[in-house]
Structures are given as structure tokens and as C-alpha cells.
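Structure record follows, encoded as C-alpha cells.
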Amino acid sequence: MDYQAMLAWALPIGVGLAAIGSGLGLGRAVGQAMEAMGRQPEAAGKIQTAMIIGAALIEALTIYALVVFFILQGRIGG
Amino acid sequence: MMGMGLEFIWRSLRTTGLVLLVWFAFASYYFGWVPAVSAFVGGVWGMLNLMFITQLVRVALRPEGADVRRTIGFALIKFPLLYGAGAALLLTAVFDPLWLVGGSTAPLVILVLKAAGRLVSESLTSEAKAVA
């Protein structure tokens, strides 16, 4: 298998793995945040802030994978 | 942590705006217009993304239950429109993709640095109180 074919396989698999990982992480974070809010509704503001920071960081990692995909896809084929 | 409510996010966004303006002036002089504009546009996109994440979490994840209409509204703006704009920015040949991504990371870097600074200052204050 040559470099081009390996890249063509690796890019979508990499983006897919990044999406699965961030989906699992975000789902777990939201679940834990909802549980924490249910236990301590008075701390909802602080929990939401932590949730937003976590969600933004998790989302950014998938965006990086997507950007790498866009940058490297030009090297496939040709 | 004291003062870590939603206003922390808005303060971080304001700081990001200031940092992006300073960065734009610095980068346009030292690196040229394309990296400066790319990083600035990426930073504005990152700020908008963080604003929509904040609004989504605020209306969807709250103790009194989700505000369904506003959640759908923010999700419809964030996912097709903002992400579409991000993809369009990446695919146009005008901007440098690496500087765009670097700029879009700016709000996250500032959030983490502000939170870390707050943690350090609070631990130093509590240590000083314990010694006194």
C-alpha cells in the first residue's frame, strides 16, 4: 500500500475516531454535570461554567482533527 | 472557586477580544497581513463558537429544565451556520489554515490561563491566611 492510499484510509478513520472520542467525552461530561446540578441546584452557575470550558476544549480537539483532514486531503490522489 | 460563574466566560471573551486586537497589530507588522488577518478571523470565529456553546449550555442544561425553543434556535445557528462559515474560511485560499486554527484556539488559551491564574492566586491567598 503506497503513501497516498494509506493517507486516504487514515484521514477519515482519524476524524471518525476523534469524533467518537469527543462524543463519548462530551456525553459523560454532560451526564455528570446534570447529576451534579440535580444534587446541588444552588451551584448550577459554577457547574455550567466548568461544563462550558470542558465542552469548548473537547470540541476544539475534534475541530483540530477536521482541520488536519482538510489540510492533508489535498495530498491524496493526483 | 469564587467568581467562577458565567460572568467568568464573558470576562474571558472580553480579554480575548483585546488580545486579538493587540495580536493583529503585532502580527501585521512582524508576519504580514495574511497571518494577521487569518489569526484575527480565526479568533473571532472561536469567540463566536464559545459564545454559542455558552448560550446552548445556559438554555439546555439548567436545573429548571431546558428551554426547548431557544435550544433549537442556538443549535441551528451554531451547527449549520457557524460550522459552515468555519469550513468556508478553511477552504478559501485567502486565509492561512494554520493561523486560522491558531486564532480560533485563542479563547480557549485565555480561558485556561485565567482559570489557572485564579487557582494559583486563591491557593496563595489561602496559604497566606493559614500562616497568619
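Chain letters run A, B, ... following the sequence lines, proteins first, then strands; residues in each count from 1.
- Under the 3.5 Å distance criterion, the side-chain polar atoms of Gln48(A) are left unmatched by any main-chain donor or acceptor of Gly5(B).
- Residue Val41(B) is not grouped with residue Val109(B) when hydrophobic side chains (ILVMFWY) are merged at heavy-atom distances under 4.5 angstrom, including chains of intermediate members.
- Of the two parts of Ala33(A), neither the backbone nor the side chain holds a non-hydrogen atom closer than 4.5 Å to a non-hydrogen atom of chain B.
- Using a 4.5 Å cut-off between heavy atoms, Leu6(B) touches chain A through backbone and side chain atoms alike.
- For Leu56(B), no part lies under 4.5 angstrom from a heavy atom of chain A.
- Taken to the nearest 0.5 Å, the OH atom of Tyr83(B) stands 2.5 Å off from the CD atom of Glu59(A).
- Follow the hydrophobic side-chain contacts under 4.5 Å out from Leu111(B) and you reach Trp10(B) in the same cluster.
- With values rounded to the nearest 0.5 angstrom, Ile53(B) atom CD1 is found 8.5 Å from Ile52(A) atom CD1.
- Note: the hydrophobic cluster containing Leu7(A) also contains Val67(A) (ILVMFWY, side chain heavy atoms under 4.5 Å, direct or indirect links).
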Show the numbers, then the answer: is there a side-chain contact (heavy atoms from CB on, under 4.5 Å) between Val57(B) and Val30(A)?
CA-CA 9 Å; Val57(B) 169; Val30(A) 171; over 6 Å; no
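- With chain A as the partner, the residue from Asn49(B), Leu50(B), Thr105(B), Leu61(B) showing the most heavy-atom pairs under 4.5 Å is Leu61(B).
- Here the CD-CE distance, from Glu64(B) to Met37(A), works out to 9.5 Å after rounding to the nearest 0.5 Å.
- Considering CD1 of Ile63(A) and CH2 of Trp45(B), their distance stands at 3.5 Å, rounded to 0.5 Å.
- For Trp9(A), the CH2 atom counts as loosely surrounded, since its 6.0 Å shell holds 12 or fewer non-hydrogen atoms of other residues, nucleotides or ligands.
- Val101(B) and Phe31(B) sit in two unconnected hydrophobic clusters of ILVMFWY residues. Membership requires side-chain heavy atoms under 4.5 Å apart, directly or through other members.
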Show your working on side-chain contact (heavy atoms from CB on, under 4.5 Å) between Val112(B) and Leu57(A) and close with a plain yes or no.
CA-CA 9 Å; Val112(B) 171; Leu57(A) 291 172; 4.3 Å; yes
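- Neither the backbone nor the side chain of Leu66(A) comes within less than 4.5 Å of any heavy atom of chain B.
- Under a hydrophobic-cluster definition in which Ile, Leu, Val, Met, Phe, Trp and Tyr are linked whenever side-chain heavy atoms come within less than 4.5 Å, directly or via other members, Ile53(A) and Val19(B) are assigned to different clusters.
- Taking Ala55(A), Pro41(A), Ala60(A), Ala56(A) one by one and counting their heavy-atom pairs under 4.5 Å with chain B, the maximum is reached by Ala56(A).
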